[in-house]
Amino acid sequence: MADLLEVSEALQKVLHHAAPLGSIERDLPAALNEILAATVISDIDSPPYDKSMMDGFAVRLADVPTSGTPLPISQRIMAGMSPTGELKAGTTAQIMTGAPIPPGSDAVIMVERTVTAGEQVTLNEVPRPGQNILRRAASIAVGQTVLNPGEPLTPARIGLCTEVGAARVMVHRRPRVAILSTGDELVEYTQRPGPSQIRNSNSLLLAAAVEEVKCEAVPLGIARDEPSELRRVIARGLESDVLILSGGVSAGVLDLVPGTLVELGVVPVFHKIRIKPGKPLWFGYLPRANESPCLVFGLPGNPVSSAVCFELFVKPALRRMRGEAVPLEHQFLTARLANDVKHRSDRPTFVPAVWEQPHEVLEVRTLPWTSSADLNGFARYECLVLFPPGEKIYHAAEIVSVLR
């Protein structure tokens, strides 16, 4: 096993070759969940004027020395209206939430602490300076940077962009990810398998995983274990930003993918890692003039192995290519086992599990699954529990490492 690459080293090699793609400009309504490629700068002060934070009455401090002070109402300022002029001494201005404060006023007394009778109001509070007033530019100043490259455009940030006049934003381009399954035994998922055949579950599984990371999936279907066909379809896939192949990367007679990739100019980086499931993982890249290289992942054909390798290696690469900040190591949580687990393996093993939280401490329960081909056992997973190599019975309540 000494020649196998460790998981952490394999991830670092993948991320070394994954870089954010170029930027494009998008209208704000189409930019949700994209990653910013340029700063967003405000073209206004926010708020653009001193404004009331409450429905109430704007006053001068000198005019309200005691609680119970009566004052005449000299003007009424609704939201969207401007004051008619400076607040006259010895008067008050009725004001709505969000309306501009009239010049000369020092505070706003909320309406719940007043009693109005016609054109006069009794103020049952002695105000503090600046009470219930939000000053101009208290939130944002004109020319201020409000968002930075690398930040995802969440709904709240979309709202912020509208406030500061960023109707169009520069974002990183989403990677186009070609997906190709290989093998003479495969039929399309819409067909009923014949003798010695299986449905092609990996293509849709991987396409869904790609779309979930906000990237564009380009399905290429099935390529047979025939050199000329394999070469033709792989060449087409290398026109995308990333090519994911499923199957054909082990050491069998018909595992033709690695050799075909090298013939097409793909530079191999590593083949086989110290992991279960997913040992046969192949990774390389195709250099291209004047554009980012095409990253190539040869995933094992068994669907669980393929899904685990996608989670551990492909997903971090795609996230980095679309502009996200991605750590160079997998971020594990610690949790308490909810069940006993009998483990035996010569490699670090990722076991599907679900979250349980009956107490204050995170708990996970491993799912029953038989092999790297067992999608039924894997389909309900919410996280992966990492068990180190060796033979051991892990008992409920033991602490384990968990990958979301």
Side-chain angles (χ1 to χ4, degrees), residues 8 10-51 53 98 133-177 209-217 240-242 285 287-288 290-295 297 310-333 383 402-404:
S8 58
L11 177 63
Q12 291 178 22
K13 287 181 179 295
V14 167
L15 293 180
H16 175 75
H17 294 282
L21 300 180
S23 59
I24 57 174
E25 191 175 45
R26 285 199 185 278
D27 290 329
L28 202 54
L32 179 64
N33 294 323
E34 303 291 4
I35 308 299
L36 279 170
T39 55
V40 174
I41 298 173
S42 178
D43 66 351
I44 59 167
D45 290 330
S46 180
Y49 46 77
D50 293 349
K51 72 175 184 179
M53 298 173 66
I133 295 175
L134 188 62
R135 296 298 180 186
R136 177 174 180 166
S139 175
I140 303 168
V142 64
Q144 179 181 335
T145 295
V146 296
L147 292 173
N148 292 294
E151 295 191 73
L153 283 165
T154 61
R157 289 171 181 151
I158 292 284
L160 176 59
C161 287
T162 64
E163 182 179 352
V164 302
R168 293 177 64 82
V169 289
M170 296 299 297
V171 298
H172 287 287
R173 182 171 63 80
R174 292 187 175 194
R176 296 181 74 252
V177 184
V210 166
E211 295 286 350
E212 191 177 45
V213 195
K214 314 301 180 191
C215 298
E216 180 186 351
S240 296
D241 301 302
V242 176
Y285 64 95
R288 297 186 292 197
N290 303 319
E291 61 179 320
S292 300
C294 174
L295 302 190
F297 295 88
F310 183 94
E311 187 74 32
L312 293 176
F313 304 105
V314 185
K315 181 186 284 188
L318 295 182
R319 289 178 55 211
R320 176 167 284 197
M321 293 174 76
R322 67 184 299 264
E324 294 184 51
V326 179
L328 291 176
E329 295 184 352
H330 293 109
Q331 304 299 296
F332 288 93
L333 302 174
C383 55
V402 184
L403 188 70
R404 286 189 184 277

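These numbers come from the heavy atoms of this one structure, side chains and all, not from hydrogens, waters or symmetry mates.
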Completion exercise
Between Arg320 and Ala18 the two heavy atoms that sit nearest each other are CD-O, 2.9 Å

Handout entry: 4.5 Å side-chain heavy-atom contact, Ile24 and Val171
Key = yes

Fill in the blank from the handout: Hits for ring-ring contact (aromatic ring centres under 6.0 Å, His included) against Phe310, two or more places apart or cross-chain, chain-then-number order -> none

Practice task
Kindly give the heavy-atom pair with the smallest separation between Leu15 and Pro327, and that separation in Å.
Solution key: CD1-O, 3.4 Å

Problem - Spacing of Ile35 atom CD1 and Leu21 atom CG [to the nearest 0.5 Å] - result: 12.0 Å

Problem - Atom pair CD (Glu151) and CG (Leu36), whose distance is rounded to the nearest 0.5 Å - result: 6.5 Å

Problem - Heavy-atom side-chain proximity of Val177 to Leu318 below 4.5 angstrom - result: yes

Fill in the blank from the handout: Rounding to 0.5 Å, atoms CZ (Arg322) and CD (Glu324) come to a distance of 5.0 Å

Handout entry: Expected output: side-chain Asp45 to main-chain Arg136 donor-acceptor under 3.5 Å
Key = no

Fill in the blank from the handout: Interatomic distance, CG@Leu312 vs CG@Leu403, rounded to 0.5 Å, equals 6.0 Å

Fill in the blank from the handout: What one should report as the nearest heavy-atom pair of Gly323 and Pro20 is CA-CB, 4.2 Å

Exercise for the section: Quick one: closest heavy-atom pair of Ala317 and Val14, and the distance? Expected result: CB-CG1, 3.7 Å

Problem - Steps toward side chain to side chain contact (heavy atoms under 4.5 Å, CB included) verdict (Arg404, Leu333) - result: CA-CA 8 Å; Arg404 286 189 184 277; Leu333 302 174; 3.6 Å; yes

Problem - Residue pair Ile133, Met53: steps toward the side chain to side chain contact (heavy atoms under 4.5 Å, CB included) verdict - result: CA-CA 6 Å; Ile133 295 175; Met53 298 173 66; over 6 Å; no

Practice task
Evaluate the side-chain proximity of Pro175 to Met321: yes if any heavy-atom separation is below 4.5 Å, no if none is.
Solution key: yes

Practice task
Would you please classify the geometry between the His330 ring and the Phe313 ring as parallel, tilted or perpendicular, with 30° and 60° separating the classes?
Solution key: perpendicular

Practice task
Have a look at Glu34 and tell me which of Arg168, Lys214, Arg26, Arg157 forms a salt bridge (Lys or Arg N to Asp or Glu O under 4.0 Å) with it.
Solution key: Arg26

Practice task
Apply salt bridge (Lys or Arg N to Asp or Glu O under 4.0 Å) to Glu216 and Arg176, showing your working.
Solution key: CA-CA 5 Å; Glu216 180 186 351; Arg176 296 181 74 252; 3.8 Å; yes

Exercise for the section: Search all heavy atoms of Leu295 against all heavy atoms of His17 and return the closest pair with its distance. Expected result: CD2-O, 3.4 Å

Exercise for the section: Kindly check if the number of other-residue, nucleotide or ligand heavy atoms within 6.0 Å of CD (Glu212) is above 12? Expected result: no

Handout entry: Phe332 vs Val402 side-chain heavy atoms within contact, under 4.5 Å
Key = no

Exercise for the section: Kindly indicate whether the side chain of Cys161, heavy atoms from C-beta on, has any atom under 4.5 Å from the side chain of Leu147. Expected result: yes

Problem - 4.5 Å side-chain heavy-atom contact, Leu160 and Ile140 - result: yes

Handout entry: Reported CG-to-CG distance for the pair Leu153 and Leu32, which is rounded to 0.5 angstrom
Key = 8.0 Å

Handout entry: Derivation of the salt bridge (Lys or Arg N to Asp or Glu O under 4.0 Å) call for Asp241 and Arg173
Key = CA-CA 11 Å; Asp241 301 302; Arg173 182 171 63 80; 2.8 Å; yes

Handout entry: Donor-acceptor contact below 3.5 Å, side chain Glu291 vs main chain Arg288
Key = no

Exercise for the section: Rounded to the nearest 0.5 Å, what's the gap from OG1 on Thr162 to CG on Leu28? Could you check? Expected result: 6.5 Å

Exercise for the section: Say whether, by atom type as modelled, one donor and one acceptor occur between the side chain of His172 and the main chain of Ala37 under 3.5 angstrom. Expected result: no

Fill in the blank from the handout: Closest non-hydrogen contact found for Ala31 with Ile158 is C-CD1, 4.2 Å

Practice task
Say whether, by atom type as modelled, one donor and one acceptor occur between the side chain of Gln331 and the main chain of Glu329 under 3.5 angstrom.
Solution key: yes

Practice task
Return yes if some donor-acceptor pair links the side-chain N/O of Ser42 with the main-chain N/O of Ile44 below 3.5 Å, else return no.
Solution key: yes

